[in-house]
Student: 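Just passing along the structure, written as structure tokens.
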Amino acid sequence: MKPWPYPRIIAHRGGGTLAPENTLAGLRVAKELGFGGVEFDVMLSADATPILMHDQTLERTTSGSGAIDMTAFSDMLKLDAGSWFSPEFVGELVPSFERAGRLCVELGLWANVEIKPAKGYEAETGRAAALLARELWRGAPVQPLLGSFRPQALAAAKEAAPELPRGALTKEIPPDWQSHMEELDCVSLHCDYRMLLPQQARAVHDAGYWLVCWTVNDPAIARVLFDWGADAVITDRLDLIGPDFR
Ligand code: G3P
Ligand code: CA
């Protein structure tokens, strides 16, 4: 099995706890701290613009309200996506995936792009995210790793841009995990570390797949997971688990 070719420590939702999630400011914070890789979430707005967003509604992370799939991107641009976090980030916008991807390429940040479809938009989101990722990273030295909890989104990404690597996200590793990996032609399995057993970590590697764990915020736990063979951890605590963590 080839060694994991990406950063071992990945900043969650951009800047973890140090910046508003899924914003350009978060990506910049990760870069400033020396991180080589970031994770963020991609969803479609009402007019099918791929944007960075975790929740299916605007309330928690913006000054607006309503469903993401009912709000046009032009209207999201009128909202503040930083003030909920702290006054330092007032004026931060909901970024399009296009802007965020361009910034990653410009900063040399590797990206683990989580395709996070609003309910009912699985295939559409997978296709749009994959096609745009292909354009944004065309000619870049390292391609992004697309991931999703939703098999339909991964299947659509595979069909649209089969050359982009894919990771299957699952909270808990199910008994039939390997057939899902094969079906979607995934290179990595991403799971909640709290549900992982050491024998499962071994089985993932033995089958030839990379293993990524989220959201690991305790350095002692990160160490255990690396001992078990995890290839990378995704963290919110950029201050505790830095890019050079060993
Ligand atoms: O990539 C794994 C992790 O980000 C999944 O959880 O809820 O933060 O998207 P969530
Ligand atoms: Ca995510």
Side-chain angles (χ1 to χ4, degrees), residues 4 6-24 26-27 29-30 35-44 50-62 68 81 84-85 94-95 97 100-101 104 109-119 121-122 125-126 128-130 133 144-154 157 164-174 177 180-181 184 186-196 200-201 204 209-218 221-222 225 230-238 241:
W4 171 253
Y6 311 120
R8 293 169 75 242
I9 312 291
I10 303 165
H12 189 221
R13 301 187 197 172
T17 58
L18 300 180
E21 67 184 57
N22 288 317
T23 62
L24 299 185
L27 301 179
V29 164
F35 277 73
V38 287
E39 184 267 1
F40 53 78
D41 307 296
V42 171
M43 198 179 285
L44 296 184
I51 57 161
L52 266 56
M53 187 63 64
H54 180 276
D55 296 3
Q56 292 191 39
T57 54
L58 291 160
E59 277 81 351
R60 186 177 61 85
T61 60
T62 77
I68 303 302
W84 68 273
F85 184 83
V94 173
F97 177 33
C104 286
L109 270 179
W110 172 76
N112 175 201
V113 178
E114 184 187 339
I115 303 167
K116 199 87 158 172
K119 202 167 162 36
Y121 297 91
E122 288 79 5
T125 313
L145 174 61
L146 307 180
S148 188
F149 285 100
R150 315 302 291 266
Q152 243 189 304
L154 285 176
L164 293 180
R166 286 170 300 283
L169 274 58
T170 176
K171 189 170 172 58
E172 193 172 352
I173 300 180
W177 65 273
H180 289 295
M181 300 289 285
L184 298 163
C186 289
V187 297
S188 54
L189 185 77
H190 304 223
C191 71
D192 183 334
Y193 78 88
R194 292 169 301 181
M195 316 299 283
L196 180 70
Q200 292 174 315
V204 170
Y209 299 107
W210 290 311
L211 177 66
V212 179
C213 297
W214 86 80
T215 305
V216 183
N217 293 329
D218 179 337
I221 292 174
L225 293 167
D231 294 288
V233 298
I234 300 178
T235 186
D236 274 325
R237 293 303 304 266
L238 280 56
I241 307 179

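Keep in mind that the numbers below use all heavy atoms, side chains included, and drop hydrogens, waters and symmetry copies. Counting convention: from 1, in listed order, for ligands and their atoms alike. Since we're looking at a predicted model, the values are computed, not measured. Starting from 1, each residue takes its place in the sequence as its number.
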Student: Numbering the atoms of ligand 1 from 1, which are under 4.0 Å from a heavy atom of Phe149?
Tutor: 5 (C)
Student: Under a 4.0 angstrom heavy-atom cut-off, which atoms of ligand 1 come close to Asp41?
Tutor: 9 (O)
Student: Angle at the Ca ion (ligand 2) between OE2 of Glu39 and OD1 of Asp41, to 10°?
Tutor: 100°
Student: Go through the steps for Glu114 and Arg150 under the test salt bridge (Lys or Arg N to Asp or Glu O under 4.0 Å), then give the verdict.
Tutor: CA-CA 10 Å; Glu114 184 187 339; Arg150 315 302 291 266; over 6 Å; no
Student: What protein heavy atom is closest to atom 6 (O) of ligand 1, reported as residue, atom name and distance in Å?
Tutor: Trp214 NE1, 3.8 Å
Student: So for ligand 1, is Glu114 a polar contact partner (N or O within less than 3.5 Å, distance only)?
Tutor: yes
Student: The Ca ion (ligand 2) is nearest to which N, O or S atom of Glu114?
Tutor: OE1
Student: Do any N or O atoms from the side chain of Asp231 and from the backbone of Leu211 form a donor-acceptor pair under 3.5 angstrom?
Tutor: yes
Student: When the ring centroid of Trp214 is compared with that of Phe149, is the distance short of 6.0 Å?
Tutor: yes
Student: Please report the closest heavy-atom contact between Phe97 and Ala129, naming both atoms and the distance.
Tutor: CE2-O, 3.5 Å
Student: I'd like to check which ligand 1 atoms, numbered from 1 as shown, lie under 4.0 Å from a non-hydrogen atom of Arg13.
Tutor: 7 (O), 8 (O), 10 (P)
Student: Hey, is the main chain of Tyr6 close enough, under 3.5 Å, to the side chain of Arg8 for a donor-acceptor pair?
Tutor: no
Student: What part of Leu169 sits under 4.0 Å from ligand 1 if we count only heavy atoms: the side chain, the backbone, both or neither?
Tutor: side chain
Student: Is a side-chain N or O of Gln56 found less than 3.5 angstrom from the main chain of Lys119, in a donor-acceptor match?
Tutor: yes
Student: Starting from atom 9 (O) of ligand 1, which protein heavy atom do you reach first, and at what distance in Å?
Tutor: Lys116 NZ, 2.7 Å
Student: Of all the non-hydrogen atoms in the protein, which one sits nearest to atom 4 (O) of ligand 1, and at what distance?
Tutor: Glu39 OE2, 2.8 Å
Student: Okay, side chain of Asp192, backbone of Arg194: is any donor-acceptor separation there less than 3.5 Å?
Tutor: yes
Student: Quick one: which ligand 1 atoms are inside 4.0 Å of a heavy atom on Ile234?
Tutor: 1 (O)
Student: Asp236 vs Thr215, test: side chain to side chain donor-acceptor pair (under 3.5 Å). Steps then yes/no.
Tutor: CA-CA 7 Å; Asp236 274 325; Thr215 305; 4.9 Å; no
Student: Please indicate whether any nitrogen or oxygen in His54 is less than 3.5 Å from any nitrogen or oxygen in ligand 1.
Tutor: yes
